[in-house]
Amino acid sequence: MVTRFAPSPTGYLHIGGARTALFNFLYARHHGGAFKLRIEDTDRARMPEGATEAIFDALRWLGLDWDGDAIFQFARAKRHAEVARELLAKGGAYRCWMTAEQLAAGRAQAEAERRPFRLSSPWRDRDDGPADVPHVIRLRAPREGAVTIDDQVQGAVTVQNAELDDMVLLRSDGTPTYMLAVVVDDHDMAVTHVIRGDDHLNNAFRQLALIRALGWDEPVYAHVPLIHGPDGAKLSKRHGAIGAETYRDMGILPEALENYLLRLGWGHGDDEIISRAQAIEWFDLDGVGRAPARLDAKKLENINGHYLRAADDRRLAELTAPLIAAALARDLDAAERDLLLRSMPDLKARAKDLNELAASSLFLFRTRPIPLDERAQKLLEPPASDLLSQARGALAASTDWSGPALEAAVRELAERLGLGLGKIAQPLRAALTGSSTSPGIFDVLAVLGRDESLGRIDDQLR
RNA sequence: GGCCCCAUCGUCUAGCGGUCUAGGACGUCGCCCUUUCACGGCGAAAACACGGGUUCGAUUCCCGUUGGGGUCACCA
């Protein structure tokens, strides 16, 4: 069996497209089939520079590797036209000389009479038009009866043939239409399962008519509901993040986005955190829901936090280093990279995305005297500075500069003064990190080292 | 508007005639843990759109209403 993902290069990988790709990928892997990629690049005018690469990048980022080379639809135009001519020769299609004006007039009249427009070309049953005048080739679609598609997601869907008109296969300039191209490409690529957004459900009936006229094998269809914005409307630019790469920029891990997308419109009992391997084992079309799902940023964030905590420290350090460098406007040296790596276990426990992770690590790399934010300044006001001074003494007296040893020293001090640990820890935190929130203060002390820690404290004692 | 699809907590969903006083997750609100922030733990509020059938029995099946969505090009 063969599935396929067929995006048109718009400049980014639509988040809904990413989910469609994921479903196709998972379905193919689950059934031991192939997952192919086809770029529907026939609309050259509306194709931004680098649009194809953007799709490749996003797919690779998500780890949705396609089998074989990507197929470019535009390059296959000759083949498409050839199929149309063959069909014409067999009588399954006809030449139509209706003009755009005639069509427009028909539509306008239909609208005025408040009845649906049904194309009825006078050329369907005659072929004596002027051969040298531009004309299109239309499918001679059946007018009687109905077609039922046994959709794997939507169930049995029936449409009357009278609802479908004779679609254009070849434009008057000889270029193929999308409908033709899709059918020919799916056939030539040996696609057996067409899994796509349900905005194509209506198209399926037209395409099926063409497939039948051609006498080709019919694919299995599965039309997945679209993804909606938080307001329930179709996802569009005004909702903000619609490109998969935007999520990467937001510091979302690809496995988190994948898990989130997988659970959007598909379920497997109460399971929430699902690995790639597990997804391949479990995924099937019968688990796909039929109602459109809304995007929920909070849930994505939560899942991302989960994957962040589970992620390898080295990988996170590598992912975060460039973000830190950008914030600092300088690169990290080897020692700093090591510091970042060592701090990662403490850092990643509290971040929900890579940007937060980077931001929360900045205090490690500040040069003395480090800047203090408003709350940190407040924490260091008079009564606290005396405590800070005493804490410095206790710390400096410790012969063992390790987390547990330092904690013991500070706890002892707190007890001696009859204070809660927080009374001492907070000023310490402010002096060491310049912030009121950070990883555990004894971890910070340990990771920063004796000289740097004491130095930062002294800076605040002056 | 025609055609097609859909309908369980705010959101994602489990449920495939009785096990439902409807389960889980995110979010929200309490409490606990605690040096801050997170994490984690415990608990709470929160849904079967409505109306008819079918059935001994409907969240589950059928019809209608309402409400969403998709689609109606010589775009893809």
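- Of the nucleotides present, none pairs with A22(B) by Watson-Crick or G-U wobble criteria with both distances under 3.5 Å.
- At whole-Å resolution of the value, CG in Leu295(A) and C1' in G10(B) are 15 Å apart.
- Distance check on atom P: C37(B) versus C61(B) gives 48 Å, rounded to whole Å.
- Nearest-nucleotide mapping onto RNA chain B: of Ala349(A) and Arg138(A), the residue sitting toward the 5' end is Ala349(A).
- At the phosphate of C5(B), neither OP1 nor OP2 sits under 4.0 Å from any side-chain N or O atom of Arg290(A).
- Picking from A76(B), C4(B), A7(B) the nucleotide with the shortest atom distance to the side chain of Ala291(A) gives A7(B).
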How would you summarise protein contacts on nucleotides 23-28 of chain B per nucleotide, using B for base, S for sugar-phosphate only and - for none, with heavy-atom distances below 4.0 Å? BBBBS-

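- Of all nucleotides present, none satisfies the Watson-Crick or G-U wobble test against U54(B) with each distance under 3.5 Å.
- U35(B) is unpaired under the Watson-Crick or G-U wobble criterion, no partner having all donor-acceptor distances under 3.5 Å.
- Checking C72(B) for Watson-Crick or G-U wobble geometry (two distances, each under 3.5 Å) identifies G1(B) as its partner.
- Side-chain proximity of Tyr178(A) to C5(B), A76(B), U35(B): nearest is A76(B).
- Here the separation of A47(B) from U21(B), taken at their P atoms, is 15 Å to the nearest Å.
- Here, A58(B) and G52(B) have their P atoms 12 Å apart, quoted to the whole Å.
- Thr158(A) comes within 4.0 angstrom of sugar-phosphate atoms only, judged by non-hydrogen atoms across all strands, and of no base.
- Pairing partner, A7(B): U66(B), with both Watson-Crick or wobble hydrogen-bond distances short of 3.5 Å.
- The aromatic rings of Phe283(A) and Phe23(A) are tilted relative to each other, their planes meeting at an angle between 30° and 60°.
- For C37(B), its base sits under 3.5 Å from the side chain of Arg350(A) at one donor and acceptor pair at least.
- Only the C1' atoms considered, A22(B) is 14 Å distant from C16(B), to the nearest whole Å.
- Atom CD of residue Glu356(A) and atom CG of residue Leu308(A) lie 9.0 Å apart, to the nearest 0.5 angstrom.
- We find that Lys299(A) and Glu301(A) are not joined by a salt bridge, their nearest charged nitrogen and carboxylate oxygen being 4.0 Å or further apart.
- Taking the six-membered ring where the residue is Trp, Phe72(A) and Phe56(A) present perpendicular rings, their angle passing 60° and hence far from 30°.
- Side-chain proximity of Val136(A) to C74(B), U36(B), A76(B): nearest is C74(B).
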Please tabulate the protein-to-nucleotide N/O contacts below 3.5 Å involving nucleotides 43-48 of chain B, giving atom names and distances.
none

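- Under the 4.0 Å criterion applied to side-chain N and carboxylate O atoms, Lys348(A) and Asp313(A) are assigned as salt-bridge partners.
- Between Leu257(A) and Tyr247(A), the closest heavy-atom pair is CD2-CB, 4.1 Å.
- At a cut-off of 3.5 angstrom, the base of C74(B) holds at least one donor-acceptor pair with the side chain of Ser172(A).
- Comparing Leu264(A) and Arg107(A) by the nucleotide of RNA chain B whose heavy atom lies nearest to each, the residue mapping closer to the 5' end is Leu264(A).
- Side chain to side chain, Asp150(A) and Tyr221(A) fail the donor-acceptor criterion of an N or O pair below 3.5 Å.
- Using atom C1' as the reference point in both C42(B) and U54(B), the two lie 45 Å apart (nearest Å).
- Across all strands shown, G43(B) forms a Watson-Crick or G-U wobble pair, both distances under 3.5 Å, with C29(B).
- No donor-acceptor distance shorter than 3.5 angstrom exists from the side chain of Ser453(A) to the backbone of Leu448(A), with no hydrogens or angles considered.
- Comparing the P positions of A7(B) and C12(B) gives an interatomic distance of 12 Å, to the nearest angstrom.
- One P atom belongs to U65(B), the other to A46(B), and the distance between them is 33 Å to the nearest Å.
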Using a 4.0 Å heavy-atom cut-off to protein, can you give one letter per nucleotide of nucleotides 65-70 of chain B, 5' to 3': B if the base is in contact, S if only the sugar-phosphate is, - if neither? ----SB

